[in-house]
Amino acid sequence: MIGGVIHSVVIKRNILPKLAVPLDGNNLYLGKPILGRNKTWRGVVVMTVGTVIGTLLLRPHNGGITVGVAVAVGYLLAELPNS
């Protein structure tokens, strides 16, 4: 949840605009974007870092970074088809 809140602020304030590049590189499949324009590298970076921060706040001594990255990657992969 913390990653999502941070990501919302980053989008609203257009922070890290150079990372706001679609993951699919604007490539098309059957005339349509593969993943969609809203799936960006900025989202991958911000959601991963934000989720790690949130996990470290909740689990500072029990593998917080590893768990945070695993949760972030799982969420990002599950969210990709949503475009």
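Values in this document were obtained by computation on a predicted structure and should not be read as measured data.
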Residues that Val21 engages under side-chain contact (heavy atoms from CB on, under 4.5 Å), provided they are two or more places apart: Trp41
Using atom types as modelled, flag every donor-acceptor pair under 3.5 Å from a side chain in residues 45-58 to any protein atom, sequence neighbours excluded.
residue, atom, partner, partner atom, Å
Thr48, OG1, Val44, O, 2.7
Thr51, OG1, Met47, O, 2.7
Thr55, OG1, Thr51, O, 2.8

If hydrophobic clusters are built by linking Ile, Leu, Val, Met, Phe, Trp and Tyr wherever their side-chain heavy atoms come under 4.5 Å apart, do Leu19 and Ile11 end up in the same one? no
Report whether Val5 and Leu16 are members of the same hydrophobic cluster (ILVMFWY, side-chain heavy atoms less than 4.5 Å apart, transitive linking). no
Closest non-hydrogen atoms of Asp24 and Asn26, given as atom of the first, atom of the second and distance, are OD1-N, 2.9 Å
Is there a side-chain contact between Arg42 and Lys18 in this structure, where contact means two heavy atoms from C-beta onward sitting under 4.5 Å apart? no
Consider only side-chain heavy atoms of I, L, V, M, F, W and Y, link residues closer than 4.5 Å, and tell whether Tyr75 and Leu80 are in one cluster. yes
So which heavy atom on Gly43 is nearest to which on His7, and how close? CA-NE2, 3.3 Å
Least distance between heavy atoms, Pro22 atom then Gly36 atom: CB-O, 4.2 Å
If you look at every heavy atom in Leu35 and Lys39, which pair is closest and at what distance? O-CG, 3.4 Å
Same apolar cluster (I L V M F W Y, side chains within < 4.5 Å links), Leu77/Val69: yes
Rounded at 0.5 Å granularity, tell me how far CZ in Arg59 sits from OG1 in Thr66. 9.5 Å
Considering residues at least two apart in sequence or located in another chain, which fulfil the side-chain contact (heavy atoms from CB on, under 4.5 Å) criterion with Asn27? Ile34
